[in-house]
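Notes follow the structure.
The first residue of the sequence shown is numbered 1, and numbering continues consecutively from there.
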Amino acid sequence: MICERNDEDIFEFFGNEHDRFGFPEGMHRMTSMRGGETYLITGSEKTALYDCGMAYCGPYTAANIRDELDELGRDKLDYILLSHSHYDHMGALPYIKKEFPEAVVVGSEKCARILSRPGAIEAIGNLGTVARDLYTPGSTIKIITDGIKVDMIVGEGDEISLGDETIKVIETKGHTDCSLTYAIEPMGLLICSESTGLIESLDYVNTPILKSFDDSQISMAKCRDYHARYICLPHFGLLPQYMNEKYWQMFDDSCRQVISFVRDLEKSGKNIEEMKKSYYNKYWNPKFIMEQPIKAYMINTEATIKAALRAEYC
């Protein structure tokens, strides 16, 4: 590995009891630096990359992938699976496509539409620049956005063959309308989207629901009903297997708490800017800065507040 990040300061609550990157055979962590996880999935015949990370990581992540493929005696990346259209998950796509131009980029129809908009690409570039300057001050890495697009549109129930292994697509709206979860069979590994939360501690799940809490409940039910052997959470890695079922209840509890908190703010007469400040004071964790620039967090906070006010299920 050319560059491998150190995360001990963020998710120390499991201590040495659990290796969150102790993946089953056929899944390899390619992540470099801060701001987004990326995994190589190697089937008996083909390979797929899950997400790409932030743009400033791109050259290093691409090198990690090349090194891993060389070590495995392979020379081709067949697919790049996008979880959704946010810059911290696919900003490095141009760098990886430059190294592996034959790779087919997979995403939802909504993701394809978003990435066809010049305004969206500009925002991805701008946020990528903010992240570069935060995490690597003085870096001369050029943030590029050329060629960001989806080549292959997939939806609910679609399957991608890697040989003896199959990637099954599950639409999981909530965080965004373009979010996808991928199930890797036969290993029974579910790579979840942010629509079903981010674990923050042993007893709390962060709920980055930017579009719809109601959709997130539907997404949770789909993931729960899959009965995964392994659950891989965004920005984290593998959940301990003993928490597989407990996690879904934690997520549901956290969603309801956020909705109740936001509605109480509204009842108290606070406007959106005052609500954002209150939300920040309650939910911001200084450790978040290691995963997400504050500018992006506050943009997402406003979206989450509005989504909570629209929620109908509770």
Checking the side chain of [X] only, and the main-chain atoms of [Y] only, is there a donor and an acceptor separated by less than 3.5 Å?
{"X": "S260", "Y": "R256", "value": "no"}
{"X": "R29", "Y": "E37", "value": "no"}
{"X": "Y279", "Y": "M298", "value": "no"}
{"X": "T207", "Y": "C255", "value": "no"}
{"X": "E274", "Y": "N271", "value": "yes"}
{"X": "E156", "Y": "E171", "value": "yes"}
{"X": "N64", "Y": "M30", "value": "yes"}
{"X": "D88", "Y": "G36", "value": "no"}
{"X": "D158", "Y": "G155", "value": "yes"}
{"X": "Y79", "Y": "Y50", "value": "no"}

Identify the two heavy atoms, one from [X] and one from [Y], that lie closest to each other, and give their separation to 0.1 Å.
{"X": "I148", "Y": "L93", "value": "CA-CD2, 4.2 Å"}
{"X": "C57", "Y": "S32", "value": "SG-O, 3.0 Å"}
{"X": "G174", "Y": "I209", "value": "O-CG2, 3.4 Å"}
{"X": "I259", "Y": "A308", "value": "CG2-O, 3.9 Å"}
{"X": "L190", "Y": "A228", "value": "CB-CB, 3.8 Å"}
{"X": "C111", "Y": "V150", "value": "SG-CG2, 4.0 Å"}

Looking at [atom1] of [X] and [atom2] of [Y], how far apart are the two atoms once the value is rounded to the nearest 0.5 Å?
{"X": "I191", "Y": "C223", "atom1": "CD1", "atom2": "SG", "value": "11.5 Å"}
{"X": "Y280", "Y": "I305", "atom1": "OH", "atom2": "CD1", "value": "13.5 Å"}
{"X": "L238", "Y": "F21", "atom1": "CG", "atom2": "CZ", "value": "9.0 Å"}
{"X": "I121", "Y": "K149", "atom1": "CD1", "atom2": "NZ", "value": "11.5 Å"}
{"X": "S195", "Y": "H84", "atom1": "OG", "atom2": "NE2", "value": "8.0 Å"}
{"X": "C192", "Y": "L239", "atom1": "SG", "atom2": "CG", "value": "9.0 Å"}

Practice task
For the pair K276 and E273, find out whether any cationic side-chain nitrogen is under 4.0 Å from an anionic carboxylate oxygen.
Solution key: yes
Handout entry: Check ion pair R113-E109 (N to O, under 4.0 angstrom)
Key = yes
Show every ring pair (Phe, Tyr, Trp, His ring centres under 6.0 Å) that has at least one partner inside [range], sequence neighbours left out.
{"range": "residues 188-214", "result": "none"}
{"range": "residues 120-156", "result": "Y56-Y135"}
{"range": "residues 104-133", "result": "none"}

May I ask whether [X] and [Y] are part of the same hydrophobic cluster, defined by side-chain heavy atoms of I, L, V, M, F, W, Y residues being less than 4.5 angstrom apart, directly or through others?
{"X": "L77", "Y": "Y60", "value": "yes"}
{"X": "I114", "Y": "L210", "value": "no"}
{"X": "M275", "Y": "W284", "value": "yes"}
{"X": "Y95", "Y": "L69", "value": "yes"}
{"X": "Y297", "Y": "M54", "value": "yes"}

Is there side-chain contact between [X] and [Y], with at least one heavy-atom pair below 4.5 Å?
{"X": "M243", "Y": "I199", "answer": "yes"}
{"X": "T181", "Y": "Y226", "answer": "no"}
{"X": "E68", "Y": "T42", "answer": "no"}
{"X": "K76", "Y": "F100", "answer": "no"}
{"X": "F14", "Y": "L202", "answer": "yes"}
{"X": "F23", "Y": "H28", "answer": "no"}
{"X": "K173", "Y": "I218", "answer": "no"}
{"X": "T47", "Y": "R74", "answer": "yes"}

Fill in the blank from the handout: The side chain to side chain contact (heavy atoms under 4.5 Å, CB included) partner of D51 among M90, H89, H86 is H89
Exercise for the section: Validate the cation-pi geometry between R20 and F236: distance from NZ or CZ to the six-membered ring centre under 6.0 Å, angle to the ring axis within 45°. Expected result: yes
Handout entry: Residues forming a side chain to side chain contact (heavy atoms under 4.5 Å, CB included) with P208, sequence neighbours excluded
Key = H175, E194, L198, N206
Take atom [atom1] of [X] as the centre, draw a 6.0 Å sphere, and report whether it contains more than 12 heavy atoms from other residues, nucleotides or ligands.
{"X": "K97", "atom1": "NZ", "answer": "yes"}
{"X": "E312", "atom1": "CD", "answer": "no"}
{"X": "D75", "atom1": "CG", "answer": "no"}

Exercise for the section: Start with the C-alpha gap between Q249 and D253, add the side-chain angles, then the distance that decides, and say whether side chain to side chain donor-acceptor pair (under 3.5 Å) holds. Expected result: CA-CA 6 Å; Q249 187 59 54; D253 290 344; 2.9 Å; yes
Practice task
Show the numbers, then the answer: is there a side-chain contact (heavy atoms from CB on, under 4.5 Å) between V262 and L309?
Solution key: CA-CA 7 Å; V262 169; L309 293 175; 3.6 Å; yes
Distance-only criterion, 3.5 Å: show the donor-acceptor pairs between side-chain atoms of residues 160-170 and protein atoms not counting sequence neighbours.
unit_1 : atom_1 : unit_2 : atom_2 : d
S161   : OG     : G163   : N      : 3.1
E165   : OE1    : S44    : N      : 2.7

Problem - Evaluation steps, side-chain contact (heavy atoms from CB on, under 4.5 Å), between I96 and E99 - result: CA-CA 5 Å; I96 295 171; E99 181 71 20; 5.8 Å; no
Donor-acceptor pairs under 3.5 Å, side chain of residues 122-133 to any protein atom, not counting sequence neighbours: which ones?
unit_1 : atom_1 : unit_2 : atom_2 : d
N126   : ND2    : E122   : O      : 3.4
T129   : OG1    : G125   : O      : 3.0
R132   : NH1    : I141   : O      : 2.9

